[in-house]
Participant: 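One structure, pasted below without further comment.
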Amino acid sequence: MNHERRGWSAVTLLLTAIVALQAIGYALQSWSGETAAFEAMWLGLEVSEPVAQVISDVGVGWTLLASLFAIRHRARWLLYPVAGWFLLDASAETWMRGHRLSYLAVPAHASQILAPVVLAWWERLSPHASHIALQRLLRAAIGATFLAHGWEALRWHPRFVDYVVSASELLPGPTLADSTATLVVTAIGFQDLVLAALVLAGLRWRVLLGWMAIWAALAASARVVFGGWARYPAVLLRAANGGLPLTLLWLHSVRDESPTTHARD
Amino acid sequence: MTDLARSSSPIPTFAAALTILLIVGSPLISAADTTGPQHPRVVWLEDPAHRATIVWHTPGAHAERPDAKHRVLWGRAGGPESQLPLATKADRHIEERLDHATFHHAVLADLQPDTRYRFRVVSGEHRSRTYTFETAPDDNRPVAVLYGGDSRSDRKDRRRVNRQIRRMVRQDDRIVAMLHGGDYVEHSMVWEDWDGWLDDWDLTTGPDGELLPVIPARGNHEFSPHQADPETPDNYNAVWGQPAGNTRDYWTTTIGSHIGIVTLDTNAPIAGDQRNWLASQLERLADTRRWVIANYHRPAYPAVKRPGAARKHWVPLFEEFQVDLVCESDGHVLKRTVPIKRGGRDPDGVVYVGEGGLGVAQRTPDTDRWYLQPPGMAKRAHHIQKLTFQDDTLTYQALGLDGEVLDAYERQARRPPVEHEEAEETSEQAQPVTSRRLPADATMDDASDTKQTRQTSSILEHRSLVGLVLACLAFAGALLWRRRDG
């Protein structure tokens with residue numbers, strides 16, 4: 001019983017950290033530039049610039065404050081609008097079509113969007129409740145994110161090529177040419193699609209989920225390798241990409257090791 | 001019936017007949033207007049003194065007979081119309097069939113420098129009116145180019161800007177071309193957007209068909225949907241005649257014997273081959289051209305948004321090879337930075353201008369940024385920039401929709417004059433590309449910094465790290481607070 005309670009607390013802590021980190025990253029990134037929601041309101045819907053800016057600032061501020069406030073007060077209902085804002089922002093990115101793969105913005109951000117929902121849902125459950133539905137939600141979020149990134153890689157997303165080239169500069173030997181980096185990106189794309197398929201199929205392999213967590217963290221860190229330390233908000237923003245596979249892994253570990261849980265699951 | 005009534009009766013009858021004729025006939029007239037060659041335009045690439053690409057399209061990919069011939073009839077201007085050598089053909093002709101239109105790209109070669117040419121395009125049975133354009137000079141005489149970007153969503157102002165461009169070209173015969181910084185249209189995949197843009201671009205054409213050559217750059221809204229399949233054309237490459245082939249969009253244009261313009265592509269990978277290519281080009285131009293400028297879309301020193309990756313990967317090269325002016329778009333404001341070198345203000349540094357105002361709603365810039373402090377500037381205003389290259393001076397002007405001067409700047413040459421022959425000998429393209437690593441301290445620092453000097457910049461570059469530490473402390477505090485309350 002204590003094992004389950006400790007595991008429950010650890011998952012809570014992990015999800016809380018994910019939600020807080022991505023909210024901080026989102027706020028830092030948005031306030032040093034602009035949100036897709038702002039651009040959609042201002043250029044797409046022709047809302048006046050000050051009004052669009054205020055709405056955008058309120059949305060960003062909301063995600064930050066609600067995420068941090070929810071840690072303290074367990075006011076989990078606050079997290080649903082946070083997820084709603086992230087969904088709105090990703091949809092705006094798709095609508096404005098500012099880059100070649102903008103149509104993948106919503107699935108690519110699925111982990112970011114659903115992490116607050118997972119946290120809110122998680123805290124409604126007791127340590128002994130069934131997690132089946134929650135696990136399915138986690139798998140959907142992780143699968144969508146990996147599918148979208150895999151497809152972007154297979155479409156040779158130019159920044160992905162840059163990440164590989166920049167990463168090769170950290171290693172001894174010659175820097176990779178674009179053509180070689182493109183081959184690497186293609187391989188990464190296939191890997192992401194396979195990983196997504198396996199997680200969506202419901203496999204519980206620890207090595208699978210562990211590798212997905214590590215790989216997503218590495219991929220997020222590539223932003224800093226490519227653009228320098230000033231790009232760390234982009235890494236924080238992607239906390240859920242590696243954090244949700246880790247959560248699922250932890251959840252399985254706790255449940256698998258507890259003799260009382262298998263019957264309920 | 002009075003005489004007056006009798007005498008006036010034919011007038012309403014005639015008016016009614018005319019009205020009916022116009023109503024019935026107008027679709028026919030407009031239909032006739034859209035079956036022939038559409039929007040002929042001139043594109044400049046590497047060697048505009050001797051080559052030019054004529055691009056036009058015919059509506060519908062399958063609307064014409066398959067055996068229809070497409071030609072450019074061209075020759076030197078100056079003689080009477082009858083002397084136009086109708087039999088002359090372009091040296092290369094490419095066709096691209098997209099769903100909405102067939103695009104024709106004809107490269108005119110072996111042209112004479114600083115010469116006005118006339119041409120007509122012929123597609124099947126249709127023939128365009130006569131247009132003219134001028135080739136670039138090949139000596140070091142003063143010339144001017146216009147620059148601007150972002151014309152994607154504010155059509156009314158786009159048309160005003162284009163009329164102003166025509167006025168500027170008419171008033172200053174040193175203007176030879178237009179550099180576009182990208183984001184021509186909202187949705188590059190939507191042909192109607194391009195069609196509207198080309199309609200509006202026609203407003204820059206002079207009364208006698210004088211065309212202003214364009215040196216295009218790709219904006220983020222001109223993404224290629226077929227990057228994984230470079231053989232498939234996209235609208236951007238179709239409209240501009242595959243300016244640098246179908247696999248990359250960066251090249252160097254040399255104008256006269258003294259100007260090198262490097263066009264870059266912020267949509268493509270920038271840290272590998274493109275950076276190496278840029279290094280080789282700048283190295284070559286530093287020895288052979290007195291003036292070197294760069295043009296690309298996503299800014300390294302933005303007035304609104306976060307800095308693009310050019311800050312880390314291209315800016316060190318601009319500084320090393322003393323690029324005189326860098327043209328950037330994307331932000332929807334007018335800006336000019338202070339001279340910048342190694343992340344701080346330096347009189348010997350690079351000046352970044354532009355940000356895009358050719359027909360898009362203008363934003364309020366973040367004027368607190370250190371690089372926009374006087375003598376730099378930023379404001380919201382539709383604008384066109386004019387760069388005039390003289391012997392020792394590069395004059396920059398940003399002009400508003402009514403020709404008013406919104407900003408002006410002069411920079412003295414930092415490289416010695418280049419002899420005409422010397423420039424000719426070294427103007428070959430495509431030096432061997434060698435891998436180039438960035439300096440270890442290259443970074444994209446935070447766009448919202450307000451640092452003024454290099455010394456303070458090094459401190460404030462860590463502002464974002466301080467922010468991270470504070471955020472982590474806040475997070476830890478919240479967790480501890482919650483734990484204390486059970």
Side-chain angles (χ1 to χ4, degrees), chain A residues 13 16-17 20-21 23-25 27-29 31-34 42-44 46 49-50 53 64 68-69 71-74 96-102 154-166 168-169 174-182 186 226-233 236, chain B residues 152-154 186-189 220-221 223-225 227-228 265-276 302 304-307 309 311-313 332 360-364 380 433 435-438 442-448 461-465 467-468 471-472 474-475 478-479 481-482 485:
Chain A
L13 184 64
T16 306
L21 287 175
I24 292 166
L28 288 170
Q29 187 158 290
W31 285 332
S32 65
E34 65 183 21
W42 178 52
L43 284 175
E46 298 185 356
E49 186 192 8
Q53 191 63 62
L64 182 63
L68 295 177
F69 190 80
I71 297 170
R72 166 70 181 84
H73 293 283
R74 296 192 180 183
M96 294 309 290
R97 290 190 266 189
H99 58 87
R100 185 165 58 93
L101 298 158
S102 354
L154 289 179
R155 301 296 294 171
W156 300 342
H157 192 302
R159 286 295 86 78
F160 290 4
V161 176
D162 278 331
Y163 297 157
V164 172
V165 170
S166 299
S168 76
E169 289 186 339
T175 302
L176 290 185
D178 283 6
S179 54
T180 314
T182 303
T186 306
F226 170 62
W229 282 105
R231 283 283 175 104
Y232 78 83
L236 297 184
Chain B
R152 66 183 166 101
S153 57
D154 187 350
E186 184 83 22
H187 302 308
S188 182
M189 291 298 294
N220 60 294
H221 281 262
F223 54 82
S224 166
Q227 192 167 342
D265 180 10
T266 48
N267 276 14
I270 69 166
D273 291 355
Q274 189 169 192
R275 187 180 70 199
N276 296 334
V304 179
K305 301 181 181 180
R306 290 184 293 277
R311 171 90 71 99
K312 178 178 175 182
H313 296 279
H332 307 183
V360 71
Q362 292 289 288
R363 283 204 65 180
T364 304
R380 57 184 301 167
V433 173
S435 180
R436 238 188 128 77
R437 283 177 187 261
L438 282 175
T443 182
M444 279 186 288
D445 46 355
D446 191 339
S448 60
E461 270 170 10
H462 298 295
R463 197 190 76 152
S464 52
L465 276 178
L468 175 63
C472 290
F475 176 55
L479 279 177
W481 192 7
R482 172 181 160 170
D485 290 358

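These numbers come from a predicted model, not from an experiment. Chain letters run A, B, ... following the sequence lines, proteins first, then strands; residues in each count from 1.
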Participant: Looking only at non-hydrogen atoms, find the nearest pair between A:Trp42 and B:Ala361 and report the distance.
Facilitator: CH2-O, 3.1 Å
Participant: What are the two closest heavy atoms between B:His313 and A:Ser166, and how far apart are they?
Facilitator: CE1-OG, 3.9 Å
Participant: Given the options A:Leu64, A:Asp178, A:Val161, A:Thr186, which has more heavy-atom pairs under 4.5 Å with chain B than any of the others?
Facilitator: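 With the most close heavy-atom pairs to chain B, the winner is A:Asp178.
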Participant: Quick check: closest heavy atoms across B:Ile270 and A:Arg159, and the distance to 0.1 Å?
Facilitator: CG2-NH2, 3.5 Å
Participant: What are the two closest heavy atoms between B:Asn267 and A:Pro158, and how far apart are they?
Facilitator: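 The pair with the smallest heavy-atom distance is O-CG, 2.9 Å.
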Participant: Tell me, do A:Leu43 and B:Val360 make a side-chain contact under 4.5 Å, heavy atoms counted?
Facilitator: yes
Participant: Given heavy-atom pairs under 4.5 angstrom as the criterion, report whether the side chain, backbone, both or neither of B:His187 touches chain A.
Facilitator: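 Looking at B:His187, just its side chain touches chain A.
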Participant: Given heavy-atom pairs under 4.5 angstrom as the criterion, report whether the side chain, backbone, both or neither of B:Ser188 touches chain A.
Facilitator: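 Neither part.
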Participant: Report which part of A:Glu34 has an atom under 4.5 Å of a heavy atom belonging to chain B: side chain, backbone, both, or neither.
Facilitator: both
Participant: At a 4.5 Å cut-off on heavy atoms, which part of B:Arg363 comes close to chain A: side chain, backbone, both, or neither?
Facilitator: both
Participant: With a 4.5 angstrom heavy-atom cut-off, which part of A:Gln53 approaches chain B: side chain, backbone, both or neither?
Facilitator: side chain
Participant: Closest heavy-atom contact between B:Ala268 and A:Asp162?
Facilitator: O-OD2, 4.3 Å
Participant: Do NZ/NE/NH1/NH2 and the carboxylate oxygens of B:Lys312 and A:Glu169 come within less than 4.0 Å?
Facilitator: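 Salt bridge absent between B:Lys312 and A:Glu169.
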Participant: Rounded at 0.5 Å granularity, tell me how far CD in A:Glu49 sits from CD in B:Gln362.
Facilitator: 9.5 Å
